[in-house]
Amino acid sequence: MMKNDIDKVIQRTHRYWYEDGLNEIATGCMFVLCGLFLLTMYAVPPGSPLAPVLAIGLVILVACGGLPVSRAVKAVKNRVTYPRTGYVSYRRPGSSGRPNVVWASVGIGLAVLGIILSKVHAPPWLGSMAMAQGLLMGAILLYLGHRLGLTRFYGLAFLSALIGVVVALNGFEDALGSAAYFGEMGLVVTASGLFTLRTYLRQSQPPVEE
Amino acid sequence: MADDFRSMINVDRIIHEPARLIIVAILYAVESADFLYLLRETGLTKGNLSSHLARLEDASYVDIEKTFQGKVPRTICRLTEDGRMAFDDYRERLQRAIDTMPEEVGT
């Protein structure tokens with residue numbers, strides 16, 4: 001067994017978290033919820049007392065939504081995935097994972113800088129928020145797909161960029177464009193997760209007790 | 001160059017065995033994994049997997065804990081700090097030996 005094979009075993013173990021599609025379903029639903037929040041914010045007339053409530057709600061959803069979603073995914077995995085194909089608990093990123101976090105932060109920082117610069121110097125459609133969101137999410141999905149060896153994430157990355165570009169070309173305002181991007185991307189990610197879950201359930205059965 | 005190859009002779013034989021190497025590589029990537037997951041990923045029989053895990057536990061490379069998930073028993077395995085260090089050392093020796101190999105053997 002050579003080093004390459006060892007790396008593949010480690011990569012496959014990391015990939016297991018995504019094997020049942022539950023994480024994608026949860027993330028997709030979060031995106032749709034964000035899209036609905038943004039759409040409601042867009043629809044509410046300026047100066048309405050509902051506007052700040054919705055803004056605070058969106059911030060809370062983005063900042064704190066990850067924790068209950070992660071707990072819900074774990075609870076469903078406990079009932080669906082672990083009895084079929086086994087239980088795995090992942091390590092929290094320690095010092096060895098920090099360089100990746102630093103590089104990811106640098107990448108996101110550069111992307112934000114790119115958005116700001118494009119807003120200053122480029123035509124309006126190029127500076128669209130939806131386009132930036134689509135490309136940024138696409139880059140994150142590409143990185144995850146490469147790191148975990150998940151080919152369907154390459155497809156999702158392409159679709160993210162495509163949705164971002166199409167929404168930008170339609171010339172929506174930033175709030176409406178973001179709502180359209182998150183809503184559509186959320187549906188795509190949820191559909192991908194549901195398809196993955198169906199395939200997983202078909203291919204795996206709980207072990208028969210002897 | 002010869003020293004790098006010679007260091008392979010002193011490689012940890014407990015980890016070097018292919019089935020145990022897969023088990024250790026899986027456990028290295030996670031906090032813990034249960035017996036069912038290891039069984040599915042390694043393709044070993046229950047008896048074989050048990051015996052390899054016992055060997056790794058004897059060497060203090062793996063901790064084994066028997067728990068219950070509801071009414072279902074679950075055997076949780078995790079790599080100890082010693083196991084992690086031994087695996088790091090094994091990979092380092094392997095990498096050194098690979099780095100010293102010529103590009104095309106026999107040319």
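Residue numbering restarts at 1 for every chain, and letters A, B, ... go by the order of the sequence lines.
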How far apart are the closest heavy atoms of A:R91 and B:E31, and which atoms are they?
CG-N, 3.5 Å
Shortest non-hydrogen pair, A:V9 vs B:A25, comes out as CG1-CB, 3.8 Å
Which of the residues A:I10, A:T85, A:V88 is involved in the greatest number of heavy-atom pairs with chain B at under 4.5 angstrom?
A:T85
Contacts satisfying side chain to side chain donor-acceptor pair (under 3.5 Å) that involve residues 18-30 of chain B (not counting sequence neighbours) are B:R20-B:H52, B:Y28-B:D88
Which of residues 55-66 of chain B have a heavy atom under 4.5 Å from any heavy atom of chain A?
none
Considering only heavy atoms and a distance below 4.5 Å, find which of B:I26, B:L38, B:I76, B:V24 pairs most often with chain A.
B:I26
Per-residue contact mode, B:Q69 against chain A (heavy atom under 4.5 angstrom):
side chain
Measure distances from B:R78 to the heavy atoms of chain A and classify the residue's part below 4.5 Å as side chain, backbone, both or neither.
neither
Quick one: side chain to side chain donor-acceptor pair (under 3.5 Å) pairs with a partner in residues 51-74 of chain A, sequence neighbours left out?
none
Using salt bridge (Lys or Arg N to Asp or Glu O under 4.0 Å) as the criterion, list what pairs up with A:R15, not counting sequence neighbours.
none
Contacting moiety of A:Y16, where chain B heavy atoms sit under 4.5 Å
side chain
Heavy-atom cut-off 4.5 Å, strictly under: side chain, backbone, both or neither for A:R84 against chain B?
backbone
Would you name the heavy atoms of B:A29 and A:Y90 that are closest together and state the gap between them?
O-CD2, 4.4 Å
Please report the C-alpha distance between B:Y90 and A:I6 in whole Å, then the side-chain angles of each, then the deciding distance to 0.1 Å, and finally whether the side chain to side chain contact (heavy atoms under 4.5 Å, CB included) criterion is met.
CA-CA 11 Å; B:Y90 178 84; A:I6 296 172; 4.2 Å; yes
